[in-house]
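Since the structure comes first, as structure tokens, the remarks are kept for the end.
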Amino acid sequence: MTPAPETAIEPSTAPVAPVRQPRRRGRIAAVAGSVLLAAALVAGVGGTVVTVGDADRDPGAPIWKFPASTVEEKKAVTQRGLAGMLVPYGTDGWVRGPDLAEFGSDVQLGGAQATALRKEALRGLPRSQRKQLERQIDRQRLSGMAMRSYFSGESYAFSHNQDIYSVRVVLAQMANKTAVRNSSRAQNEFLATLDLFKEGPKIKGHDDARCFRLSGSAEDDLDMMLCSAYVGDVLVSITAYGPHPLDTKGVAMLLRTQLDRIAERGEAV
């Protein structure tokens with residue numbers, strides 16, 4: 001067998017199999033496709049919209065730098081509405097994360113803008129399916145969306161000498177509570193049918209919350225976990241992405257903190 005060109009081999013102190021790079025590209029493409037389909041089936045959850053655009057590229061070996069905290073991030077910032085429900089930066093060591101597309105790392109959208117964003121997630125579908133799902137989005141009467149990204153920073157992962165990773169949290173508020181429940185269940189049921197994912201950690205005190213992580217091997221460079229849950233009229237979606245192995249315990253703790261925060265403060269108004 002003719003050996004692969006040297007440019008296809010990733011720099012490493014240990015030998016790397018020539019097929020490693022194509023295998024990783026194919027896996028990233030498969031993940032991106034599955035996540036996009038899951039988004040379509042639940043009518044385009046906003047957090048997935050800003051995730052898939054980056055997931056379809058091979059980023060090479062992941063390199064994560066510890067983000068320096070700033071005085072501004074350490075100060076408590078009072079936010080109203082749905083954004084006020086998000087876990088504040090500085091909680092349990094979580095710090096400001098990467099930009100969410102053109103929105104920055106922290107954004108709140110009104111109902112019309114959030115609805116348009118969710119419909120944008122469907123543009124890759126056939127026209128008949130897209131129109132059907134767009135009508136479903138309209139019936140859900142989305143009243144707002146808040147998104148925030150985090151780096152694990154000084155959380156569990158950093159204190160246990162694990163790689164730093166990013167988490168994207170999306171809160172979507174709907175006038176139709178049944179739609180909130182059905183959207184969360186639809187995503188979870190779909191991910192449960194895929195061999196690409198396996199069941200993630202349970203969320204204590206929140207039986208309706210479910211997480212799924214990639215079912216890859218220790219040889220994989222990248223890892224991902226998707227979570228969906230709801231509290232009243234608020235749909236909660238989380239996407240965690242970083243080097244393998246991902247700190248699933250830290251992600252589960254963040255989701256639990258987020259759900260408890262919504263429950264304690266009451267449904268967003």
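Computation of the quantities below employed the complete heavy-atom set of this structure, encompassing side-chain atoms and omitting hydrogens, waters and symmetry-equivalent molecules.
Ser105 and Ser149 are not linked by any side-chain donor-acceptor pair at a separation below 3.5 angstrom, with hydrogens and angles left out of the test. For the 3.5 Å distance criterion, the side chains of Gln187 and Arg210 fail to qualify, holding no donor opposite an acceptor.
Between Met174 and Ser183 the shortest side-chain heavy-atom distance falls below 4.5 Å. Inter-residue side-chain proximity for Asp106 and Met147 is flagged as unmet; no heavy-atom pair is nearer than 4.5 Å. Between Val234 and Val180 the shortest side-chain heavy-atom distance does not fall below 4.5 Å. Residues Tyr150 and Val87 meet the side-chain proximity criterion, which asks for heavy atoms closer than 4.5 Å. Between Glu199 and Phe212 there is a side-chain heavy-atom pair separated by less than 4.5 Å. Put simply, the side chain of Arg135 reaches to within 4.5 Å of the side chain of Lys131, judged on heavy atoms. Within the 4.5 Å cutoff, the side chain of Met145 has heavy atoms near those of the Val170 side chain. Here the side chains of Tyr89 and Val95 are not in contact, with every heavy-atom distance at 4.5 Å or above.
A distance of 9.0 Å separates CG in Asn182 from CD in Glu189, rounded to the nearest 0.5 Å. Considering CG of Asp99 and CZ of Arg96, their distance stands at 9.5 Å, rounded to 0.5 Å. Atom-to-atom distance recorded for Met85:CE and Glu264:CD is 10.5 Å, nearest 0.5 angstrom. Taken from CG in Leu122 to CD in Gln136, the straight-line distance is 9.0 Å, to the nearest 0.5 Å. Atoms CZ and CG, from Arg118 and Leu133 in turn, are 10.0 Å apart once rounded to the nearest 0.5 Å. Remark: Glu134 CD to Gln132 CD distance equals 11.0 Å, nearest 0.5 Å.
Proximity of a side-chain donor or acceptor of Ser228 to a complementary backbone N or O of Ser237 within less than 3.5 Å is not detected. Listed for the Thr257 side chain is a donor-acceptor partner under 3.5 Å among the backbone atoms of Met253. Here the side chain of Arg261 pairs a donor or acceptor atom with the backbone of Gly84 at under 3.5 angstrom. No donor-acceptor pair under 3.5 Å is formed between the side chain of Asp223 and the backbone N or O of His244. Side-chain atoms of Gln140 do not come within 3.5 Å of backbone N or O of Ala175 as any donor-acceptor pair. Looking at Ser215, its side chain does come within 3.5 Å of a backbone N or O of Asp195 through a donor-acceptor pair. Within the 3.5 Å criterion, the main-chain N or O of Phe197 finds no donor-acceptor partner in the side chain of Arg213. In this structure, the side chain of Ser184 does not engage the main chain of Arg181 through any donor-acceptor pair within 3.5 Å. Side-chain atoms of Tyr230 do not come within 3.5 Å of backbone N or O of Lys177 as any donor-acceptor pair. For the pair Asn176 (side chain) and Thr178 (backbone), a donor-acceptor distance under 3.5 Å is present.
Contact detail for Pro243 and Ile164: the closest heavy-atom pair is CD-O, 3.5 Å. Between Ile238 and Val251, the closest heavy-atom pair is CG2-CG1, 4.0 Å. Pairing each heavy atom of Ile203 with each of Ala209, the nearest pair is CG1-CB, 3.8 Å. The heavy-atom pair separating Ala172 from Leu142 by the smallest distance is CB-CD1, 3.9 Å. Considering every non-hydrogen atom in both Leu246 and Met224, the closest pair reads CD2-C, 4.0 Å. The two residues Phe103 and Gln113 make their nearest non-hydrogen contact at CE2-NE2, 3.9 Å.
With Gln258 as the partner, the side-chain contact (heavy atoms from CB on, under 4.5 Å) test is satisfied by one option alone out of Val169, Val167, Val231: Val169.
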Applying side chain to side chain contact (heavy atoms under 4.5 Å, CB included) to Leu214 and Met225, what does each step give before you reach the verdict?
CA-CA 7 Å; Leu214 289 182; Met225 189 162 81; over 6 Å; no

Test Tyr241 against Tyr165 for ring-ring contact (aromatic ring centres under 6.0 Å, His included), laying out the working first.
CA-CA 6 Å; Tyr241 186 75; Tyr165 55 96; over 10 Å; no

Check the pair Gln173, Asp233 against side chain to side chain donor-acceptor pair (under 3.5 Å), reporting the backbone distance first and the verdict last.
CA-CA 6 Å; Gln173 187 180 18; Asp233 61 352; 3.0 Å; yes

Walk me through whether Asp138 and Lys119 qualify under salt bridge (charged side-chain N to carboxylate O under 4.0 Å, His left out).
CA-CA 10 Å; Asp138 290 334; Lys119 290 181 178 181; 2.9 Å; yes

